[in-house]
Enquirer: 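Submitted below is the structure of interest, expressed as structure tokens.
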Amino acid sequence: MTRLVVCVLILAVSLAQGRHEKYEGHQLFRVAITSEELGKLEAHLDILSATPATRSASGKIEALVRLSPAEKQQWLPYFNQRNMAYTKIIDNLADILRDEEAKVQRARSAASRSSRFSFEVYHRHQEINDYLDSLAKRYPNLVTVINAALSFEGRQIKYVRISTSRFENLRKPVIIIDAAAHAREWVTPPVALYIINQLVVDIVDSNLLEYIDWIIIPVVNPDGYEYSFDEDRMWRKTRSKAHPGSDECPGVDVNRNFDHHWGTRPDSANPCAIVFEGPRPFSEAETRVVRDAVLQHVDRTALYISIHSYGNMFLYAWGNNGTLPDNGLILNLVGVHMAEAIDKLALDKAKRYVVGNAAHVLAKTSGTSRDWTRAVGIPLTYTLELPGYEYGFLVPPEYVWQIVTETWAGIAAGANYVLYNW
Ligand SMILES: *[C@@H]1O[C@H](CO)[C@@H](O)[C@H](O)[C@H]1NC(C)=O
């Protein structure tokens, strides 16, 4: 009996090690580059995030790039030739991932002793779905769970509609928020769930509940999300295998799969790129869930925010060419408003938020949800990049509470703007 337990333990430990083995010897480099180079690198390498040029000491965009030992051989000479300054930030990614996993496990076992839903741990997709269903049961007059569609691998993509008037009062503005379109950005679903909590459980500002209808999609991409727990912590895309090249490189970047200037960027055309746009616009069930939720009430949707991690930014249209929509000044104003509300509560070590046009702050993109939602007529649409501090996507659970609470302040500021200006 004890021998069996020991065997099972050894097996569990070796499985856990195996999960991160593929990143043994992978290193992270900060590389100073131009906007065009950022686009090019994304076609070939894993770019974890990019720091706006306005915020970096080099005066250039600084991309955090993951290089395998083989990629290092190929790309460091490339950076040298082009005078792209780089610094090594992480020596062995596998070690960092093992540390993170241990922290995540510890937070889970601490939280499992309490019966309340915790905002200090990373929940699995099924737990999040169960939580949404439990809220609908507890608050039947406020919360409706929509079983929107199945993911490629058959997981139920759920979202909630929050309304005091069953979405029947057509004078109310609608706010739509989504999270975890990118699998590895674990800190984003807790932010979406905390927004729901502030609206219907704690009702911290009853006006926001009473006079606005909300649609909140906590996990857009459950297949990728689960895969990032079980197999590959750095996974970003969906897990679909329906396109040419998907045997070798499954998955599509949900945030390049929307029908806005889709197919116009060569870096997004490669199925192996982290920013692969898919075989056609809306090829992914996951993208279609967002599309259909948005189109239902598009005439009265005032604000759309897609929550991502990381980099402390509010980015607005047009990402495809860097020009501004006709309400560019308002987009900037409301973005700054939300950013200021967050910055007031931020940790000292956090970078202040940057608010700006996506193509200017970082690089040109095609097929993003932010641009598509603006193009179909929602006046205020943003990509929100949460803080990663020194951890990137691997935000330790003890920071989740900080991030959910400060981000709620930003969302509330945006919602209040909508309330008084709709
Ligand atoms: C930039 O893209 C937007 C959105 O598609 C479009 O409306 C605008 O005309 C474009 N501007 C230029 C100068 O190409």
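Atoms within each ligand, like the ligands themselves, are counted from 1 in listed order.
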Enquirer: So, for atom 9 (O) of ligand 1, does the protein have a heavy atom nearer than 4.0 Å?
Expert: no

Enquirer: Pull out every atom of ligand 1 sitting under 4.0 Å from any heavy atom of His260, numbered as shown with elements.
Expert: 4 (C), 5 (O)

Enquirer: How about His182 and Phe393: are their ring centres within less than 6.0 Å of each other?
Expert: no

Enquirer: For atom 7 (O) of ligand 1, find the nearest protein heavy atom and state the residue, atom name and distance (0.1 Å precision).
Expert: Trp318 NE1, 4.3 Å

Enquirer: For Glu390, I'd like to know if atom CD has over 12 heavy atoms of other residues, nucleotides or ligands within 6.0 Å.
Expert: yes

Enquirer: Just wondering, are more than 12 heavy atoms of other shown residues or ligands nearer than 6.0 Å to OH in Tyr211?
Expert: no

Enquirer: Counting from 1, what ligand 1 atoms have a heavy atom of Asn321 closer than 4.0 Å?
Expert: 1 (C), 2 (O), 3 (C), 8 (C), 10 (C), 11 (N), 12 (C), 14 (O)

Enquirer: Can you confirm whether Lys137 is buried at NZ, in the sense that more than 12 heavy atoms of other residues, nucleotides or ligands lie under 6.0 Å from that atom?
Expert: no

Enquirer: I'd like to check whether Asn320 has a polar contact with ligand 1, where a contact means an N/O of the residue lying under 3.5 Å from an N/O of the ligand.
Expert: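 Yes: some nitrogen or oxygen of Asn320 is under 3.5 Å from one in ligand 1.
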
Enquirer: Distance to 0.1 Å, residue and atom name: give those for the protein heavy atom nearest to atom 13 (C) of ligand 1.
Expert: Thr323 CG2, 3.8 Å

Enquirer: Can you confirm if the aromatic rings of Phe282 and Phe258 lie within a centre distance of less than 6.0 Å?
Expert: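 Yes, they do, as the ring centres are separated by less than 6.0 Å.
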
Enquirer: Only heavy atoms of His261, strictly under 4.0 Å: list the atoms of ligand 1 that pass.
Expert: 4 (C), 5 (O)

Enquirer: Please say which of Arg265, Arg236, Lys237 ends up in a salt bridge (Lys or Arg N to Asp or Glu O under 4.0 Å) with Asp253.
Expert: Arg236

